[in-house]
Amino acid sequence: MPIASQSFLDFDATRVPSPCFVVDEAAIENNLKILAHVQEQSGAKILLALKAISMPTLSPLVQRYLSGTCASGLHEAKLGRESFNGEVHTFCSAYKENELANILEISDHVVFNSLAQWQRFQPLIQAAVQQRPELKFGFRLNPQHSEGATPIYDPCAPCSRLGIPADQLESFDDSSFEGISGLHFHTLCEQGFEPLARTLNVIEERFGSLLKKLSWLNFGGGHHITAEGYDVEALIQRIKLIQKKYNLQVYLEPGEAIAINTGVLVCEVLDITHNALDLAIIDTSATCHMPDTLEMPYRAHVFSSAEAKIKKHTYRLGGQTCLAGDVMGDYSFDEPLRIGQRLMFDDMSHYTMVKTNTFNGINLPSIALWNSKTDALKIVNQFGYEDFRSRL
């Protein structure tokens, strides 16, 4: 399996504490430039999905290229407003009343997941509009068109709680849309242009007449725009077509596209044991520090490794927790692993730092920002006992 985060091939892992997430800001900027090109050529506005990567340290870079951020609730919305500038778009599957009041003060777009919540919170909404007439509102649509391969990450899976099912939205009368200026949908997960094109075909077929009455359409996230082989030109042309045909503004909310191939998780070998095969215990954890490897699931690549038994020495890598399944997988190496040796897990910027936890009191990894062009290195944050204690 080829290394995704190519800029780290010669990175010295002993330069940072262990464990540590290291993000290459030069690689982030390369991704942002591709997204900025899509914005400029298509007229769409692209927002950073904070659910994927939420590093305030990156805000000056993000502000230079993108139009703002999208949030999944109050805390992300506050971070977007305080640290990233630009537009703030907020969607939550259900709002708490006290949080929505704050969200309405700091967001530019607020998207509702049900007609019931939209109607229930009308007093709050109307009061907010009196203060901020520019505030815009939308519904999240579930096109009932599934493109996801993994059910846990498929927003359109049967019985999904995300979005108003298309057949229900079709039954809404005109009064239901009073005050609504746009629609949001999300069907993708790290996918190319073709699944988006199929989704748009469904939406246009079923809701073309409605789109002509709206002023914006949000394509959601999951677009792998910066991945090798993505048909960027086809995306640009489809966005231009949609905007011209319906006279509306298109938004996209990629997260992983901003952060793919930009970071690693450095760790250290603590012990080597044997039980039917060689076992290496490391100072990071699948369940605490890279839960997507268990949820997705997928096998995270380790630099200088191969699949089991391909190279001379095979080890099962596992974490420090008491969870029996806290295992990253079986990897082979040219040389035997050594206690104290540093390893690096590949492509660890997106959906990693935002998901870490302190199960078993395991310490959170440090966070570092590195620039592969200048070799500048900054330790952004380090954690300890108080971070574990204070949250409990």
Side-chain angles (χ1 to χ4, degrees), residues 1-9 19-24 27-28 31 49 51-54 146-157 186-192 194-195 220-230 254-267 277 279-311 314-321 323-333 343-357 359 362 365:
M1 180 177 179
I3 292 293
S5 305
Q6 286 283 312
S7 61
F8 284 88
L9 287 171
C20 184
F21 291 109
V22 188
V23 178
D24 178 7
I28 292 278
N31 286 342
K51 63 185 177 181
I53 183 165
S54 305
S146 184
E147 290 285 352
T150 305
I152 193 174
Y153 289 108
D154 180 6
C156 297
H186 184 143
T187 61
L188 309 183
C189 178
E190 299 185 347
Q191 289 171 291
E194 292 75 13
H223 315 280
H224 242 199
I225 300 167
T226 56
E228 185 177 354
Y230 188 97
E256 64 274 10
I258 291 157
I260 53 172
N261 309 337
T262 65
V264 298
L265 175 56
V266 171
C267 63
L277 76 164
L279 311 170
I281 301 174
I282 55 181
D283 65 350
T284 189
S285 163
T287 188
C288 293
H289 303 156
M290 47 177 99
D292 269 5
T293 61
L294 303 180
E295 293 173 3
M296 191 74 170
Y298 80 100
R299 181 181 184 275
H301 189 53
V302 175
F303 281 62
S304 302
S305 77
E307 297 278 352
K309 300 181 180 179
I310 298 297
K311 296 190 173 187
T314 294
Y315 298 84
R316 176 163 296 171
L317 303 184
Q320 293 174 273
T321 73
L323 178 69
D326 188 2
V327 170
M328 295 76 174
D330 296 349
Y331 300 81
S332 64
F333 301 85
L343 302 176
M344 294 196 306
F345 285 92
D346 188 21
D347 204 11
M348 284 285 143
S349 294
H350 58 290
Y351 292 108
T352 50
M353 289 172 276
V354 294
K355 285 191 172 187
T356 53
N357 65 78
F359 174 59
I362 298 296

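The chain is numbered in sequence order, starting from 1.
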Residue pair Met353, Val23: steps toward the side chain to side chain contact (heavy atoms under 4.5 Å, CB included) verdict: CA-CA 11 Å; Met353 289 172 276; Val23 178; 3.7 Å; yes

Side chain to side chain contact (heavy atoms under 4.5 Å, CB included) between Ile282 and Phe345, worked out: CA-CA 12 Å; Ile282 55 181; Phe345 285 92; 3.7 Å; yes

Criterion side chain to side chain contact (heavy atoms under 4.5 Å, CB included) on His223 and Leu188, from CA distance to verdict: CA-CA 7 Å; His223 315 280; Leu188 309 183; 3.5 Å; yes

pair Val22-Met344: side-chain heavy atoms closer than 4.5 Å: no

Minimum heavy-atom distance between Cys156 and His186, given as atom pair plus value: SG-O, 4.1 Å

Spacing of Ile281 atom CD1 and Leu317 atom CG [to the nearest 0.5 Å]: 10.5 Å

Considering all heavy atoms, the nearest Lys309-Ser332 contact: N-CB, 3.7 Å

Which residues share a side chain to side chain donor-acceptor pair (under 3.5 Å) with Glu295, sequence neighbours left out: Tyr153, Lys355

Distance, nearest 0.5 Å, that separates NE2 of His301 from CD1 of Ile3: 3.5 Å

Between OH on residue Tyr230 and CD on residue Gln191, distance to nearest 0.5 Å: 10.0 Å

Flag side-chain contact, heavy atom, 4.5 Å: Ile260 against His224: yes

Thr352: side chain to side chain donor-acceptor pair (under 3.5 Å) partners, not counting sequence neighbours: none

Nearest heavy-atom neighbours spanning Phe8 and Asp24: CE1-CB, 3.6 Å

Gap between atom OG1 of Thr314 and atom CG of Leu277 - 0.5 Å precision: 8.0 Å

Val354 to Lys51 - nearest heavy-atom pair and separation: CG2-O, 3.2 Å

Qualifying salt bridge (Lys or Arg N to Asp or Glu O under 4.0 Å) pairs, either residue in residues 255-264, two or more places apart: none

Closest contact, heavy atoms only, Ala257 versus Pro254: CB-CB, 3.7 Å

Donor-acceptor under 3.5 Å (Ser5 side chain, Asp346 main chain): no

Atom pair OG/CE of Ser285 and Met290 - distance to nearest 0.5 Å: 8.0 Å

Side-chain heavy-atom pair Cys189, Thr150 within 4.5 angstrom cut-off: no

Nearest heavy-atom neighbours spanning Met328 and Ala286: CE-N, 3.3 Å

Asp326 and Thr287: side chain donor to acceptor below 3.5 Å: no

Verdict with supporting geometry, Phe21 and Thr356, side chain to side chain contact (heavy atoms under 4.5 Å, CB included): CA-CA 11 Å; Phe21 291 109; Thr356 53; 3.8 Å; yes

Atom pair CD/OH of Glu307 and Tyr331 - distance to nearest 0.5 Å: 8.5 Å

Short side-chain donor-acceptor distance under 3.5 Å, Ser349 and Thr262: yes

Check: Asn261 main-chain N/O paired with Asp347 side-chain donor or acceptor under 3.5 Å: yes

